[in-house]
Protein chains: 2
Amino acid sequence: MSDQSAFKALADPTRREILRLLSGGSLTAGSIADHFSISKPSLSHHFNLLKQADLVRTERDGQNIVYTLNTSVLEDTARVVLDLFDYETAGKEQEKN
Amino acid sequence: MSDQSAFKALADPTRREILRLLSGGSLTAGSIADHFSISKPSLSHHFNLLKQADLVRTERDGQNIVYTLNTSVLEDTARVVLDLFDYETAGKEQEKN
DNA sequence: TAGGTATTTAGACAAATATCTAATTAAATA
DNA sequence: TATTTAATTAGATATTTGTCTAAATACCTA
């Protein structure tokens, strides 16, 4: 899994906001960009880090690139945090997977 | 709460390992340092970031400084990640708190 | 195929970060 | 009180990171 890239990705507020936007459903790069005041290349850089962490997946739709949240990696990441204090959840019986 | 400092703190593998060590119980700065090959001042820097994020609390015991995990902030942080995909857990009824 | 729109890549740069050694502070003890 | 031990602070430095503008790529449409 290599948590490292996911934690790095989550450490930036812009990237967390991108993920939050995507939690409402898939979006194109352009429509995500509309929510921010930074340049598109800067956003693209953030997209790259999110992809690298496998927190998002992409597919092309004509001229657009559609970004989709990869919830399983988010779940794994939350699990790592929860495990730091032995939190009980539904996924517990997996034992360390 | 300001999640930012907690996410930043969690983004570093050394700091996550410190937290993992503390999840087994409180430890002195020195005994934590024994688990790492980096210098004590470097560790102290990491301790500072963890304290800033309120992920750990400290108290002096003679010559030693004892570090203790603050699980409530870890819980809050995990919650932020879980909320990115509307995960259902026991704490759910709090609704956005 | 020419022109326009969407997005990424390249390259530069300032700010933030992790590390180190040296020095300092605080407490215990001979 | 002088010394030792535990830990932090100060200051320097190399690396990483987030941002920008300019250029390139990919696709669509007249």
Side-chain angles (χ1 to χ4, degrees), chain A residues 2-22 24-70 73 77, chain B residues 2-22 24-70 73 77:
Chain A
S2 177
D3 305 319
Q4 183 52 25
S5 56
F7 279 111
K8 274 273 187 64
L10 287 167
D12 183 86
T14 297
R15 292 191 290 267
R16 285 198 304 280
E17 179 64 10
I18 292 170
L19 295 174
R20 205 189 57 73
L21 289 169
L22 291 176
S26 299
L27 293 169
T28 65
S31 57
I32 293 170
D34 292 342
H35 290 82
F36 296 94
S37 51
I38 64 179
S39 72
K40 285 182 179 191
S42 294
L43 256 304
S44 212
H45 163 72
H46 290 304
F47 294 153
N48 273 330
L49 295 184
L50 290 169
K51 274 194 287 190
Q52 214 171 287
D54 200 24
L55 283 161
V56 301
R57 297 277 172 74
T58 60
E59 66 182 314
R60 178 175 281 277
D61 174 23
Q63 284 172 292
N64 302 308
I65 307 287
V66 178
Y67 282 82
T68 304
L69 201 60
N70 183 4
V73 172
T77 305
Chain B
S2 176
D3 304 319
Q4 182 53 24
S5 56
F7 279 112
K8 275 275 188 62
L10 287 166
D12 182 88
T14 297
R15 290 191 292 266
R16 286 199 303 281
E17 180 64 9
I18 292 169
L19 294 174
R20 204 189 57 73
L21 289 170
L22 291 176
S26 299
L27 293 170
T28 65
S31 57
I32 293 170
D34 291 343
H35 290 83
F36 297 93
S37 51
I38 64 179
S39 70
K40 285 185 179 191
S42 294
L43 255 304
S44 214
H45 162 73
H46 289 303
F47 293 153
N48 273 330
L49 295 185
L50 290 169
K51 276 193 284 189
Q52 213 171 288
D54 200 25
L55 282 161
V56 301
R57 298 278 171 76
T58 60
E59 66 182 314
R60 178 176 281 277
D61 174 24
Q63 283 172 291
N64 301 308
I65 306 287
V66 179
Y67 281 83
T68 304
L69 202 59
N70 182 4
V73 171
T77 305

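Throughout, protein chains are lettered first and strands after them, A, B, ... in sequence-line order, and every chain is numbered starting at 1.
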| said: Counting primed atoms plus P, OP1 and OP2 as sugar-phosphate and everything else as base, spell out the protein contacts along nucleotides 23-30 of chain D at 4.0 Å heavy-atom distance: B, S or - for each nucleotide, 5' to 3'. | reply: ---SBS--
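Closest contact between the side chain of A:S44 and the listed nucleotides C:dT9, D:dT19, D:dT8 involves C:dT9. Across D:dC20, C:dA18, C:dT7, the shortest atom-to-atom separation from the side chain of B:H45 is found for C:dA18.
DNA chain D is contacted by both A:D12 and B:A29; B:A29 maps to the nucleotide lying nearer its 5′ end (nearest heavy atom per residue).
Following rounding to the nearest Å, B:I32 (CD1) and D:dA6 (P) show an atom-to-atom distance of 14 Å. Atom pair A:L43:CG and D:dT19:P shows a separation of 9 Å (rounding to whole Å applied). Note: CD (A:Q52) to P (D:dT16) measures 13 Å, nearest angstrom. One atom, CD1 of A:I38, and another, P of C:dT7, lie 15 Å apart when rounded to the nearest Å. We find that CG of A:L10 is positioned 12 Å from P of D:dG18, with the value rounded to whole Å. Rounded to an integer number of Å, the gap from CG of B:N48 to C1' of C:dA16 is 16 Å. One can place NZ of A:K8 at 13 Å from C1' of D:dG18, the figure rounded to the nearest angstrom. Rounded to a whole Å, the CZ atom of A:F47 is 15 Å from the C1' atom of D:dT19.
One finds no side-chain N or O of A:S42 lying less than 4.0 angstrom from the OP1 or OP2 phosphate oxygen of D:dG18. OP1 and OP2 of C:dT19 both lie 4.0 Å or more from every side-chain N or O belonging to B:S39. At the phosphate of C:dT19, OP1 or OP2 sits under 4.0 Å from a side-chain N or O atom of B:H46. The phosphate of C:dT7 (OP1 or OP2) has a side-chain N or O of A:N64 nearer than 4.0 angstrom. Neither OP1 nor OP2 of C:dA6 sits under 4.0 Å from any side-chain N or O of A:Y67.
At a threshold of 4.0 angstrom between heavy atoms, the contacts of B:F36 with the nucleic acid are absent. Note on B:L49: only backbone sugar-phosphate atoms sit closer than 4.0 angstrom, heavy atoms only; bases stay farther off.
In plain terms, the two heavy atoms of B:L10 and B:R16 that are nearest each other are O-NH1, 2.6 Å. When every heavy atom of B:A53 is checked against every heavy atom of B:A9, the shortest pair comes out as CB-CB, 4.1 Å. The two atoms that bring A:Q4 and B:P13 nearest to each other are OE1-CD, 3.5 Å, heavy atoms only.
One distance of note links OH of B:Y67 with CG of B:L22; it measures 9.5 Å at 0.5 Å rounding.
For A:H35 (side chain) and A:S31 (main-chain N/O), a donor-acceptor pair under 3.5 Å exists by modelled atom type. A donor-acceptor pair under 3.5 Å links the side-chain atoms of A:T77 to the main chain of A:V73, judged by distance alone. A donor-acceptor contact shorter than 3.5 Å is absent between the side chain of A:R20 and the backbone of A:R15. In this structure, B:N70 contributes its side chain and B:R57 its backbone to no donor-acceptor pair below 3.5 Å. Of the possible polar contacts, none joining the B:E17 side chain to the B:D12 backbone as a donor-acceptor pair under 3.5 Å is found.
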| field | Pair B:R60-B:N64, side-chain contact (heavy atoms from CB on, under 4.5 Å): steps then yes or no | value | CA-CA 6 Å; B:R60 178 176 281 277; B:N64 301 308; over 6 Å; no
| query | According to the Watson-Crick and G-U wobble definition with distances under 3.5 Å, which dot-bracket string, read 5' to 3', encodes DNA chain D, using [ ] for crossing pairs and | for pairs with another strand? | reply | ||||||||||||||||||||||||||||||
